[in-house]
Amino acid sequence: MHSNTTAPTDRTTEVANRTKRVFSGSVWGILAKTLDALAKFVTIPMLVGFYGKADYGLIALAFSLNAYLRLMDLGFNVGAVRYFSMWTANSEWDKIGAVSRSSMVFYGVIGLANAAIFLIMSAYGQQFFNLTDAQVPLYRQIMYILSFSTVLNWVSGVAIQLLSAKDELGYVNRVTVISSLLNFVVALLAIQLQWTLITYFVYYTLSTLVPIPFYVRRLGVFPMPRKSLLAPRWHGRAFKEILHYSLAIFVMGLFQLTANNLRPLLLGKFASGTEVLTDYRVIQTIAMLIVAFGGVFMQVLLPSASKAYAEGNQARIERMVFEATKYISVFLGFMVFVLILNADDILLLYMGEGYGHLSLWLSLWLLTVLLSMHNTPVASLVLSTGRTRFLVYSSAIACIVSLPITVIFASTLQVGAAVVGYLVYMVLQIGFFYVYYIPKVLHLDGGRLFARAFLPAAVGGGLALLISRYAGGLLALPHGYGTVIANTAIFAVVYGLYLLVFVVKPADIRQLKKTLMGKGTGNA
């Protein structure tokens with residue numbers, strides 16, 4: 001009798017603890033991304049004003065190049081987190097050690113190859129992009145700095161993968177907060193001390209490397225020496241198990257990264273000068289706040305989704321996907337529609353006069369991000385199944401269809417060409433998920449998921465936006481911070497009332513509190 005009752009209790013406790021770890025990781029991840037976004041929000045206008053729109057465009061170009069070369073990961077990051085999570089659940093520490101040490105070799109080689117690419121590109125800047133003669137020396141020095149830092153950034157990914165599998169994302173994101181604060185301080189010092197563009201970029205790059213020692217120290221949570229996790233040593237047989245799965249993710253990621261990160265590079269080539277890259281960077285910084293939140297949810301859901309899929313509990317999988325989609329849509333819906341409501345004033349306060357024309361493209365980008373990010377729980381579960389071949393096909397089709405749009409319209413729409421291209425890419429991608437993966441792979445009701453988990457939050461956000469805009473017009477508030485605060489307050493009240501009536505019931509709130517605060521059995 002005793003053994004029959006203990007096991008379910010232990011299992012329930014484990015599920016509740018896992019849910020709280022996911023929640024903690026999400027909260028700290030959101031905080032880290034919010035601080036990072038706020039730091040960029042405050043510093044980019046100052047840096048553009050200090051260094052000039054054209055020269056700051058070089059930094060935006062460097063960020064885009066660095067992001068695009070992340071495709072050299074070959075999808076191994078997703079594969080490693082998936083397998084490390086499963087092996088952690090089964091206490092297969094020897095296998096974890098063998099693969100993590102092989103990963104150090106793998107990422108070390110990729111880092112060196114990445115550094116070589118930056119060095120090669122430093123010699124051919126004018127052939128690749130519309131650079132003036134005066135910008136070429138700055139561009140080359142930026143490439144040299146990136147080539148130096150890239151190896152350390154690549155190998156640090158192993159520690160993050162291990163900590164993710166051990167449900168230590170709360171810690172990882174707390175450390176990220178430190179890096180975001182340092183980025184902010186570096187920007188302020190650059191302006192206060194009148195650093196050159198290169199001096200600023202050197203210190204910015206160093207601030208991004210600060211978290212690495214903290215990650216390594218935290219690996220003490222594993223019941224094995226850090227040397228057994230990080231000392232480079234190749235174990236081909238163990239590594240091959242992950243590599244086969246990861247290569248499919250790589251091919252998919254190749255098209256995703258190409259569609260996302262090649263767009264600003266195409267603007268740099270086909271639009272009129274590097275100034276358009278500053279416009280892109282301005283609206284990207286705002287829109288990427290929402291993307292970053294979606295990335296946090298993906299980061300914390302993937303380990304849990306992998307474990308849930310391994311357990312084969314279809315009822316729990318359905319509940320997890322539906323609830324996660326609903327709450328993510330509610331949260332991101334609030335963020336997106338508040339930003340759209342205040343787009344004109346935010347751009348005015350953010351960058352000053354001359355950027356108001358970007359509000360349309362910012363709003364369209366934000367709506368596209370909301371559409372794509374509501375799919376995060378489904379995407380996490382699909383990745384955990386290992387059935388990724390169709391994702392490769394869908395990513396390839398969406399990429400091939402959407403990229404020419406940026407090229408064709410770059411000269412006329414400027415930054416808008418990249419936004420429209422991104423919209424086409426995401427509509428195609430989400431369509432593939434609802435047509436194939438949700439019904440045929442996950443065996444879930446896509447219509448119910450869209451209509452009852454995503455659409456209520458999106459419709460409520462749209463209605464609250466219209467009511468808030470009308471009410472704000474009646475109040476005739478002056479432009480500036482007062483308008484932003486008043487609009488946001490009105491929106492929050494209207495949206496909150498709508499949610500309480502139509503979306504989130506009191507029973508849902510009580511159940512969520514019980515699960516997260518440990519006051520009941522809960523369900524994950």
Side-chain angles (χ1 to χ4, degrees), residues 64-82 110 242-267 284 287-288 290-292 294-295 297-299 301-302 305-306 309 321 325 328 364-365 367-408 417-442 444 446 449-450 454:
S64 298
L65 284 171
N66 199 31
Y68 183 64
L69 288 176
R70 297 303 298 181
L71 65 85
M72 296 177 69
D73 173 77
L74 302 181
F76 194 78
N77 180 61
V78 174
V81 172
R82 176 180 185 256
I110 287 181
I242 292 181
L243 188 60
H244 177 74
Y245 169 84
S246 299
L247 284 177
I249 302 296
F250 159 67
V251 179
M252 177 189 69
L254 171 64
F255 293 112
Q256 288 183 339
L257 283 171
T258 297
N260 292 334
N261 295 308
L262 196 59
R263 288 178 294 120
L265 303 184
L266 292 175
L267 286 177
Q284 181 195 42
M288 285 302 104
I290 310 301
V291 174
F297 295 130
M298 173 71 83
Q299 191 181 35
L301 284 172
L302 181 57
S306 298
Y309 183 77
V321 170
T325 301
I328 287 173
L364 184 59
W365 196 338
L367 289 173
T368 306
V369 168
L370 176 61
L371 177 66
S372 65
M373 289 297 104
H374 92 275
N375 200 49
T376 300
V378 169
S380 299
L381 192 57
V382 168
L383 293 176
S384 72
T385 67
R387 298 173 62 180
T388 56
R389 185 174 62 178
F390 195 80
L391 275 179
V392 174
Y393 300 150
S394 64
S395 297
I397 294 171
C399 177
I400 293 170
V401 171
S402 65
L403 277 182
I405 293 174
T406 301
V407 175
I408 293 170
V419 179
V420 174
Y422 179 60
L423 171 63
V424 172
Y425 175 81
M426 278 303 171
V427 168
L428 290 173
Q429 276 287 75
I430 297 300
F432 282 120
F433 267 95
Y434 275 94
V435 169
Y436 178 76
Y437 265 106
I438 293 176
K440 299 184 182 301
V441 176
L442 303 181
L444 300 175
L449 185 67
F450 186 85
F454 168 68

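All residue numbers refer to positions in the sequence shown, counting from 1.
Taking every heavy atom of both residues into account, V419 and R263 meet most closely at N-NH1, 4.4 Å. The two residues P404 and C399 make their nearest non-hydrogen contact at CD-O, 4.4 Å. Nearest heavy atom pair, residue V321 against residue T325, reads O-OG1, 2.7 Å. Nearest heavy-atom pair across Y425 and S402 is CB-OG, 3.5 Å.
The side-chain heavy atoms of V382 and I438, taken from C-beta on, include no pair separated by under 4.5 Å. For the pair S394/L428, no side-chain contact is recorded, criterion being any heavy-atom separation below 4.5 Å from C-beta on. A heavy-atom distance below 4.5 Å is found between the side chains of L371 and H374. Residues Y437 and L381 form no side-chain contact, since every pair of their non-hydrogen atoms from C-beta on lies 4.5 Å or further apart.
Taking the six-membered ring wherever Trp is involved, the centroid distance between the rings of F432 and Y436 does not fall below 6.0 Å.
Using bins of under 30°, 30° to 60° and over 60° for the plane-to-plane angle, the ring pair F454/F450 lands in the tilted bin.
L442 contributes atom CG, which lies 8.5 Å from atom CZ of F433 (distance to the nearest 0.5 angstrom). Distance check, rounded to the nearest 0.5 Å: OG1 of T376 to CD1 of I328 gives 5.0 Å. For the atom pair L370 CG and M426 CE, the distance stands at 12.0 Å (nearest 0.5 Å). Here CD1 of I408 is found 11.5 Å from CG of L266. Values are rounded to the nearest 0.5 Å. Taken to the nearest 0.5 Å, the CG atom of L423 stands 12.0 Å off from the CH2 atom of W365. To the nearest 0.5 Å, atom CG of residue L262 and atom CG of residue L267 are 10.0 Å apart.
Each of I405, L364, V369, T406 was scored for a side-chain contact (heavy atoms from CB on, under 4.5 Å) with Y422, with one residue passing: V369.
Using a 3.5 Å distance cut-off with no hydrogens or angles, the side chains of Q429 and S372 do not pair a donor with an acceptor.
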